[in-house]
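Pasting in a structure now, in structure tokens, and then I'll have a few things to ask.
Counting starts at 1 for both ligands and their atoms, following the listed order.
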Amino acid sequence: MIVVGDEVQTAIKAQQAVVALESTIFSTLGLPSPANAEALQICLSAVRQSGAVPALTAVLDGVIWAGVPEELHERVLNATAKVAARDLAIASSQKMASGATTVSASVLIAHQSGIDVFATGGIGGVHRESQITGDISADLDAIAQYPITVVSAGAKAFLDLPRTLEYLETQSVPVVGWRTNDFPAFYTRDSGLQISHRVEDAKGAARLHRDRKSLGQGGVLLVVPIPLEAELDSSRIDQAIEMSLAEVQLRGLAGPAVTPRVLAAVEKATEGESVAANLALAEHNASIAGQIAVELANP
Ligand code: PSU
Ligand code: MN
């Protein structure tokens with residue numbers, strides 16, 4: 001069952017701004033300790049500074065939370081099970097002790113709770129060689145299904161980004177740049193791929209969200225490039241990604257284990273530079289999501 005935290009519930013009832021956050025990024029599946037705790041704090045603050053209430057999602061003792069109470073945050077940081085949308089009912093019916101929600105689980109929880117805006121670092125996507133492995137993140141279908149504006153820094157370049165964009169097109173998900181027509185690749189501001197549509201401010205994003213919703217359609221993917229000063233060198237990151245993918249292939253990994261393993265390998269290969277970049281972009285995304293939620297609440 002979904003439980004909406006008190007503060008989030010009060011805000012939703014008063015039609016105030018709320019931003020949902022996933023928790024895999026804040027668990028050690030997404031970031032190493034203690035950067036994960038720092039990431040959680042700066043994202044929560046960024047949402048609040050924009051004037052919105054953060055709603056952290058996670059599963060604790062079988063409860064699916066939208067707005068995990070602060071005293072339980074520590075348990076979210078230490079969660080080691082990854083909970084995607086398909087796992088939610090299993091996690092609740094089997095009273096999972098602690099589970100970190102992915103983007104797919106979080107947009108579902110947000111939708112069921114009456115939250116319109118969601119922020120993360122990067123979304124999952126179509127993996128390289130998906131034509132062989134079949135590995136396509138459930139994030140993409142969940143964004144297509146639930147009418148949430150998803151704010152992210154694009155997707156990491158270890159994925160097949162052209163196929164990810166094609167897939168989103170097939171699923172009728174608008175991919176919209178925040179003041180850009182370049183599809184960002186998480187650590188870098190530009191993947192070399194173009195997107196047709198952009199918005200210049202939170203007002204534009206809020207208008208798009210409302211019109212999309214009134215058509216009865218699913219989510220919007222708003223992509224925000226990493227702040228210039230935090231951007232990593234693209235040849236360095238490409239090299240790190242190649243090394244990391246080789247490691248994952250060597251281990252013969254499949255399923256939900258793939259993404260956390262690649263993330264950890266990239267961190268190692270960049271000697272932690274990737275972690276600082278991840279924090280900077282996650283904070284920036286949370287802040288923009290907060291602005292959009294405020295705009296939606298005060299049209
Ligand atoms: N990409 C990142 N950091 C992350 C993830 C993806 O740069 O932490 C996490 C998110 O929670 C995302 C999930 O929803 O991985 C996707 O996993 P998969 O590829 O197994 O669908
Ligand atoms: Mn997968």
inquiry  = Using salt bridge (charged side-chain N to carboxylate O under 4.0 Å, His left out), reason through E271 and R236 one step at a time and then give a plain yes or no.
reply    = CA-CA 11 Å; E271 294 159 315; R236 181 161 160 76; 3.3 Å; yes

key: Geometric N/O contact F186 with ligand 1, under 3.5 angstrom   =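 No, there is no polar N/O contact under 3.5 Å.
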
task = Provide the number and element of each atom of ligand 1 under 4.0 Å from a heavy atom of T102.
result =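 Checking each atom against T102, I get 11 (O), 14 (O).
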
message = Test salt bridge (charged side-chain N to carboxylate O under 4.0 Å, His left out) on E242 and R128; report intermediate values, then the result.
response = CA-CA 11 Å; E242 293 306 329; R128 295 191 197 175; 3.1 Å; yes

task = Restricting to N/O/S, name the atom of D135 that gets closest to the Mn ion (ligand 2).
result =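 In D135, the N, O or S atom with the shortest distance to the Mn ion (ligand 2) is OD1.
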
ask   = Just wondering, are more than 12 heavy atoms of other shown residues or ligands nearer than 6.0 Å to CD in Q239?
value =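 Open.
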
message = Side-chain heavy atoms nearer than 4.5 Å, only ILVMFWY residues, links allowed to pass through others: does that put L281 and V151 together?
response =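 L281 and V151: separate clusters.
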
ask   = Which residue, V107, I109, I143, forms the side chain to side chain contact (heavy atoms under 4.5 Å, CB included) with F118?
value =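 Exactly one pass, corresponding to V107.
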
ask   = Do we see a donor-acceptor contact under 3.5 Å between the side chains of Y187 and N278?
value =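 Short answer, no.
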
key: Of I195, V126, L140, the residue whose pairing with L168 passes side chain to side chain contact (heavy atoms under 4.5 Å, CB included)   =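 Single pass found, and it is L140.
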
request  = Write out the residue and atom name of the closest protein heavy atom to atom 9 (C) of ligand 1, then the distance separating them to 0.1 Å.
outcome  =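 Nearest neighbour among protein heavy atoms for atom 9 (C) of ligand 1, to 0.1 Å: T24 CG2, 4.0 Å.
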
request  = Mind checking whether T259 contacts ligand 1 via backbone (N, CA, C, O), side chain (CB onward), both or neither, at a 4.0 Å heavy-atom cut-off?
outcome  =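 For T259, the contact with ligand 1 is made by the side chain alone.
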
key: For atom 5 (C) of ligand 1, the option (of G255, G30, G122, S27) bearing the nearest heavy atom   =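 Result: the heavy atom closest to atom 5 (C) of ligand 1 is in G122.
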
query = Which ligand 1 atoms does K82 reach within 4.0 Å, using its non-hydrogen atoms?
reply =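 In order of number, 17 (O), 18 (P), 20 (O).
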
message = If we set the cut-off at 4.0 Å for heavy atoms, which region of L31 has an atom near ligand 1: side chain, backbone, both, or neither?
response =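 Answer for L31: neither.
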
Short side-chain donor-acceptor distance under 3.5 Å, T188 and S234 =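 Absent: no donor and acceptor within the cut-off.
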
For H127, atoms of ligand 1 separated by under 4.0 Å from a heavy atom =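 Selected atoms, number and element: 19 (O).
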
ask   = Which residue and non-hydrogen atom of the protein lie closest to atom 7 (O) of ligand 1, and at what distance in Å?
value =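 Atom 7 (O) of ligand 1 sits closest to the protein heavy atom K156 NZ, 2.7 Å.
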
ask   = For ligand 1, which atoms, with element, lie under 4.0 Å from some heavy atom of L263?
value =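 The list of qualifying atoms is 2 (C), 3 (N), 4 (C), 7 (O), 8 (O).
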
request  = Nearest heavy atom to atom 12 (C) of ligand 1 wins, so pick from V126, N278, V107, D139.
outcome  =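 Comparing heavy atoms across V126, N278, V107, D139, the nearest one to atom 12 (C) of ligand 1 lies in D139.
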
inquiry  = If you apply the rule side chain to side chain donor-acceptor pair (under 3.5 Å), what do you find for D116 with H209, and how did you get there?
reply    = CA-CA 8 Å; D116 284 297; H209 180 88; 3.0 Å; yes

task = Run the numbers for me: atoms of ligand 1, each under 4.0 Å from some heavy atom of E22, listed by number.
result =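 Within the 4.0 Å cut-off of E22, ligand 1 contributes 10 (C), 11 (O).
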
Distance from atom 21 (O) of ligand 1 to nearest protein heavy atom, with residue and atom =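 Residue, atom and distance for the closest contact: S137 OG, 2.7 Å.
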
